[in-house]
Amino acid sequence: MTSVDYQRIYDVVKRIPEGRVATYGQVALLAGLPGQARRIGYALHALPDESPVPWHRVINAKGEISILPDPFFGDVQRMLLESEGVIPDSNGKYALSRYQWKPEHR
DNA sequence: GCAGTGACTAGTA
DNA sequence: ATACTAGCCACTG
């Protein structure tokens with residue numbers, strides 16, 4: 001069932017600006033769940049399609065889409081990122097040094 | 001309740 | 001550079 005932590009994860013993901021990406025570990029850390037990157041995957045997988053959460057802006061630490069085994073969502077994610085100006089390298093990997101979101105501390 | 005699995009990561013070889 | 005391991009914890013059978 002939907003846990004409160006999930007809502008917290010979604011809130012963090014919603015803060016990722018357009019044209020930027022964040023890693024699972026980074027989201028986990030910002031959501032107050034350090035070292036629990038796997039939970040981010042669960043939360044996003046359980047996310048309904050109509051959700052305002054930009055789940056496609058979350059990628060793994062290697063700068064790749066972690067859902068590649070799933071041809072459908074993997075393709076959807078890559079398409080959504082491309083529509084925001086996030087283009088992968090020739091390797092098919094995203095340059096984190098260039099696209100990774102750096103949250104402003106306030 | 002235990003064992004396996006997973007949209008992960010960091011470390012080691 | 002790739003491959004394997006351990007750690008993390010919720011979900012499933």
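We name chains A, B, ... by the order of the sequence lines, and we start the count at 1 in each one. Only this structure's heavy atoms are used, side chains among them; waters, hydrogens and symmetry mates stay out.
- With sequence neighbours excluded, the residues that form a salt bridge (Lys or Arg N to Asp or Glu O under 4.0 Å) with Asp75(A) are Arg78(A).
- The nearest whole Å value for the distance from the CG atom in Asp49(A) to the P atom in dA7(B) is 16 Å.
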Donor-acceptor contacts, no H, no angles, side chain residues 93-100 of chain A, under 3.5 Å, sequence neighbours left out:
residue, atom, partner, partner atom, Å
Tyr99(A), OH, Ile87(A), N, 3.2
Tyr99(A), OH, Ile87(A), O, 3.3
Gln100(A), NE2, Gln26(A), OE1, 3.2

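- The side chain of Tyr42(A) approaches dG6(B) more closely than any other nucleotide in the set dC8(B), dA7(B), dG6(B).
- Each of Leu29(A) and Val13(A) belongs to its own hydrophobic cluster when Ile, Leu, Val, Met, Phe, Trp and Tyr are linked at side-chain heavy-atom distances under 4.5 angstrom.
- Between the CG atom of Leu29(A) and the C1' atom of dG7(C) there is a distance of 16 Å, rounded to whole Å.
- Shown here are the side chain to side chain donor-acceptor pair (under 3.5 Å) partners of Gln36(A), two or more places apart in sequence or in another chain: Arg39(A).
- If you take CG of Leu33(A) and P of dA10(C), they are 9 Å apart, rounded to a whole angstrom.
- When side chains are defined from C-beta on, His56(A) does not count as touching Phe73(A), because their heavy atoms never get closer than 4.5 Å.
- For the pair Gln77(A)/Trp55(A), a side-chain contact is recorded, criterion being any heavy-atom separation below 4.5 Å from C-beta on.
- With dA7(B), dT5(B), dC8(C) as the choices, the nucleotide that has an atom nearest any side-chain atom of Ile67(A) turns out to be dA7(B).
- Interface remark: the Arg38(A) side chain does form a donor-acceptor pair with the dG7(C) base, using a distance-only criterion of under 3.5 Å.
- Across residues 50-62 of chain A, Trp55(A), Asn60(A), Ala61(A) each have a non-hydrogen atom less than 4.0 Å from an atom of DNA chain B (numbered order).
- When the C1' atom of dA7(B) is taken as reference, atom OH of Tyr10(A) falls 12 Å away, rounded to whole Å.
- Note on Glu84(A) versus Arg57(A): salt bridge recorded, some NZ/NE/NH1/NH2 to OD/OE distance being below 4.0 Å.
- The nearest whole Å value for the distance from the CG atom in Leu44(A) to the C1' atom in dC8(B) is 12 Å.
- Legend: residues meeting salt bridge (Lys or Arg N to Asp or Glu O under 4.0 Å) with Glu64(A), ordered by chain and number and at least two apart, are absent.
- Between the C1' atom of dC9(C) and the CD1 atom of Ile9(A) lies a distance of 11 Å, rounded to the nearest Å.
- A heavy atom lying under 4.0 Å from DNA chain B marks none of the residues of residues 72-94 of chain A.
- Summarising the geometry, atom CG belonging to Leu44(A) is positioned 6.0 Å from atom CG belonging to Leu47(A); distances are rounded to the nearest 0.5 Å.
- Remark: P of dC8(B) and NE2 of His45(A) are 11 Å apart, rounded to the nearest angstrom.
- In this structure, the CG atom of Asp70(A) is 13 Å from the P atom of dG6(B), given to the nearest Å.
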